[in-house]
S.K.: 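Take this structure first; my questions come after.
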Amino acid sequence: MPITPRVVGAALALVAVSACGGTPSATSGKSSSTSSATSGMSSSAPVSGTGTWAQNVCVATTGLKTSLDALGRNITISLRASGTTQVREQLGAQADQVRSEAQALVAAVTAVPATVKSQAESVRTELGTQAQAVQASTDKLRAAAGQAHEATNASAAATSLQGLSAKYGETRTATETFTTKLKQTATQASATAREAFAAAPACAPYVQK
């Protein structure tokens with residue numbers, strides 16, 4: 001799977017068209033937002049304590065992955081306004097969502113209940129390091145989206161969108177690294193942690209069979 005979102009290439013094409021004085025074509029579809037990292041998951045309640053913590057971590061992980069996959073999709077362009085401006089504004093809003101989901105992930109990982117802290121502390125530390133790396137990458141992604149939004153001419157817009165594409169790739173890599181660590185944790189950590197992840201419905205995609 002290419003690390004560059006399809007829309008970034010489309011946005012660059014729009015920049016090129018605008019620079020030549022052409023009119024960008026409209027894309028169909030409505031802009032969609034991803035669900036919150038704390039909602040939209042299975043209603044089945046996992047076991048309390050460590051299980052609840054594992055559930056929250058997996059919900060947040062899926063929320064982040066969903067928002068990252070949505071970056072650059074469902075962009076709506078009106079022919080009545082600048083196509084490149086609209087693309088950059090919507091990319092900025094989507095990058096905000098990715099960063100919000102990353103913040104939710106860090107919060108979920110660090111929120112180990114006091115009653116089970118001793119059993120989950122080592123897992124929290126390992127996942128926390130990777131989650132912080134994800135958040136740092138999303139901060140850079142959002143900054144790149146801001147630079148793209150503030151570009152004042154076609155050349156600057158093209159350069160900033162290329163930078164945004166690069167930061168997207170870094171965020172994708174950081175997220176994949178976290179997901180790999182999560183899968184390892186769900187199957188190779190202590191018995192308490194393994195049981196917690198196995199009991200959490202949201203963790204099903206991350207529990208290696």
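Note that these values count all heavy atoms, side chains included, but never hydrogens, waters or copies made by symmetry. Owing to the predicted nature of the structure, the values given are computational and were not obtained by experimental measurement.
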S.K.: For the residue pair Ser137 and Thr171, what are the closest heavy atoms and their distance?
M.R.: O-OG1, 3.2 Å
S.K.: Kindly indicate, with the supporting measurements, whether the criterion side chain to side chain contact (heavy atoms under 4.5 Å, CB included) is fulfilled by Leu64 and Gln103.
M.R.: CA-CA 9 Å; Leu64 172 63; Gln103 292 169 342; over 6 Å; no
S.K.: Could you walk me through whether Arg99 and Leu141 pass side chain to side chain contact (heavy atoms under 4.5 Å, CB included), step by step?
M.R.: CA-CA 8 Å; Arg99 182 172 61 176; Leu141 176 69; over 6 Å; no
S.K.: Does a donor on one side chain sit under 3.5 Å from an acceptor on the other, for Glu101 and Gln97?
M.R.: yes
S.K.: Looking at every heavy atom in both Ala54 and Cys203, which two are closest together, and how far apart are they?
M.R.: O-SG, 3.3 Å
S.K.: What's the verdict on side chain to side chain contact (heavy atoms under 4.5 Å, CB included) for Val98 and Arg142, showing C-alpha distance, side-chain angles and the deciding distance?
M.R.: CA-CA 8 Å; Val98 173; Arg142 184 59 190 89; over 6 Å; no
S.K.: Looking at every heavy atom in both Lys167 and Lys140, which two are closest together, and how far apart are they?
M.R.: CG-O, 3.9 Å
S.K.: Using a 4.5 Å cut-off on heavy atoms from C-beta on, say whether the side chain of Glu126 contacts that of Val123.
M.R.: no
S.K.: Out of the candidates Thr62, Thr185, Thr180, only one should pair with Tyr206 under the side chain to side chain donor-acceptor pair (under 3.5 Å) rule; please name it.
M.R.: Thr62
S.K.: Quick one: OG1 on Thr129 to CZ on Arg124, what's the gap to the nearest 0.5 Å?
M.R.: 8.0 Å
S.K.: Of all the heavy-atom pairs spanning Phe178 and Ala131, show the shortest one and how long it is.
M.R.: CD1-N, 3.7 Å
S.K.: Which value, rounded to the nearest 0.5 Å, describes the distance between Leu105 atom CG and Gln130 atom CD?
M.R.: 10.5 Å
S.K.: Any idea which heavy atoms bring Lys65 and Thr175 closest together, and the distance?
M.R.: CG-CG2, 3.9 Å
S.K.: Which pair of non-hydrogen atoms, one from Val57 and one from Leu182, has the smallest distance, and what is that distance?
M.R.: CG1-CD1, 4.1 Å
